[in-house]
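What you are looking at is a predicted structure, and each value in this text was computed from that prediction instead of being measured. All values below were derived from every heavy atom in this structure, side-chain atoms included, with hydrogens, water molecules and symmetry-related copies excluded.
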Amino acid sequence: MRIGFGYDSHRLVKGRKLILGGVEIPCERGLLGHSDADALLHALCDAILGAIGEGDIGKHFPNSDPAYKDISSRELLIRVNKLAIRKGYRVNNVDSTLILEEPKLREYIDEMIANITGFLDMEPGRVNVKASTNEGMGFTGRREGIAAFAVVTMEAQSPLLP
């Protein structure tokens with residue numbers, strides 16, 4: 001078994017959609033980034049890549065590459081998962097936390113969980129998403145951005161041939 005940890009944060013700005021866990025959430029501001037800036041899925045990509053010893057999301061999908069401009073983070077996560085499978089690993093469990101003051105996410109979390117479960121082809125009940133505030137402290141508390149943390153466990157399986 002392997003364990004991976006991921007973190008990501010993005011600045012909130014006007015004129016962008018807010019997408020978290022593959023869900024578009026109604027909000028006056030969205031996350032700034034080269035891709036769709038889904039901080040939750042980016043943290044999850046980093047957790048998986050870390051668990052399999054493959055660096056981070058920037059190594060595989062650099063923000064200097066126009067091929068990834070405005071790409072859906074869903075696609076990035078699916079590609080990372082395929083890499084893990086080729087290397088002989090499968091995600092066993094996901095636990096994640098989003099840190100933001102607003103908007104409130106309770107009504108969107110089940111859809112985020114369903115998305116992640118589907119993107120990673122996992123059994124229901126093996127993905128958890130939580131949301132918390134930072135009680136007004138730091139950049140998330142000042143509503144300047146959103147942060148995400150993710151932890152995964154990975155099981156070894158037979159690697160796929162290239």
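Listed by first and then second residue, the ring pair (Phe, Tyr, Trp, His ring centres under 6.0 Å) pairs that reach into residues 114-142 come to none, sequence neighbours excluded.
As a member of the Ile/Leu/Val/Met/Phe/Trp/Tyr network built from side-chain separations under 4.5 Å, Ile19 groups with nothing else and remains a singleton.
Looking at residues two or more places apart in sequence or on another chain, you find a salt bridge (charged side-chain N to carboxylate O under 4.0 Å, His left out) between Glu75 and Arg79. Every residue two or more places apart in sequence or in another chain that forms a side chain to side chain donor-acceptor pair (under 3.5 Å) with Arg2 is listed here: Tyr89. The salt bridge (charged side-chain N to carboxylate O under 4.0 Å, His left out) test applied to Glu111 returns no partner, not counting sequence neighbours. Remark: Asn134 pairs with Ile99, Glu101, Met137, Thr140 by the side-chain contact (heavy atoms from CB on, under 4.5 Å) rule, at least two apart or across chains.
Across all non-hydrogen atoms, the minimal contact from His42 to Ala37 is CE1-CA, 3.8 Å. Nearest heavy atoms, Ala43 versus Ala148: CB-O, 3.7 Å. The two residues Ala150 and Ala47 make their nearest non-hydrogen contact at O-CB, 3.7 Å. Scanning all heavy atoms of the two residues, the minimum distance from Ile57 to Cys45 falls at CD1-CB, 3.9 Å.
In this structure, the side chains of Ser35 and Asp70 stay at 4.5 Å or more apart for every pair of heavy atoms. With a 4.5 Å cut-off on side-chain heavy atoms, Arg29 and Val13 do not count as touching. Taking the side chain as every heavy atom from C-beta outward, Leu12 and Leu32 never approach each other to under 4.5 Å. The shortest side-chain heavy-atom distance between Asn93 and Val152 does not fall under the 4.5 Å cut-off. Looking at heavy atoms from C-beta onward, Leu44 lies out of side-chain contact with Ser73 at the 4.5 angstrom threshold. Side-chain contact between Met1 and Glu155 is absent, with no heavy atoms from C-beta onward closer than 4.5 Å. Within the 4.5 Å cutoff, the side chain of Asp36 has no heavy atoms near those of the Lys17 side chain. Considering only heavy atoms from C-beta on, Glu54 stays 4.5 Å or farther from Ile48 through its side chain.
In this structure, Leu77 is a member of the same hydrophobic cluster as Ile113, with clusters built from ILVMFWY side-chain heavy atoms closer than 4.5 Å. Hydrophobic cluster membership is shared by Tyr7 and Ile3, with clusters built from Ile, Leu, Val, Met, Phe, Trp and Tyr side chains linked at under 4.5 angstrom. At a threshold of 4.5 Å between side-chain heavy atoms, the hydrophobic network of Ile, Leu, Val, Met, Phe, Trp and Tyr places Phe149 and Val91 in two separate groups.
A distance-only check finds a donor-acceptor pair linking the side chain of His34 to the backbone of Lys69 [under 3.5 Å]. The backbone N or O of Leu31 sits less than 3.5 Å from a side-chain atom of Arg16, completing a donor-acceptor pair. In this structure, Ser96 contributes its side chain and Val151 its backbone to no donor-acceptor pair below 3.5 Å. Asp56 contributes no side-chain N or O that, together with a main-chain N or O of Asp46, makes up a donor-acceptor pair within less than 3.5 Å.
Atom CG of Asp38 is separated from atom OG of Ser72 by 7.5 Å, given to the nearest 0.5 angstrom.
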Given salt bridge (charged side-chain N to carboxylate O under 4.0 Å, His left out), test Asp95 with Lys130 step by step and report yes or no. CA-CA 8 Å; Asp95 190 27; Lys130 304 175 296 292; 2.6 Å; yes
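Side-chain contact check for Arg126 and Asn92: at least one donor-acceptor pair (N or O, by modelled atom type) lies under 3.5 Å.
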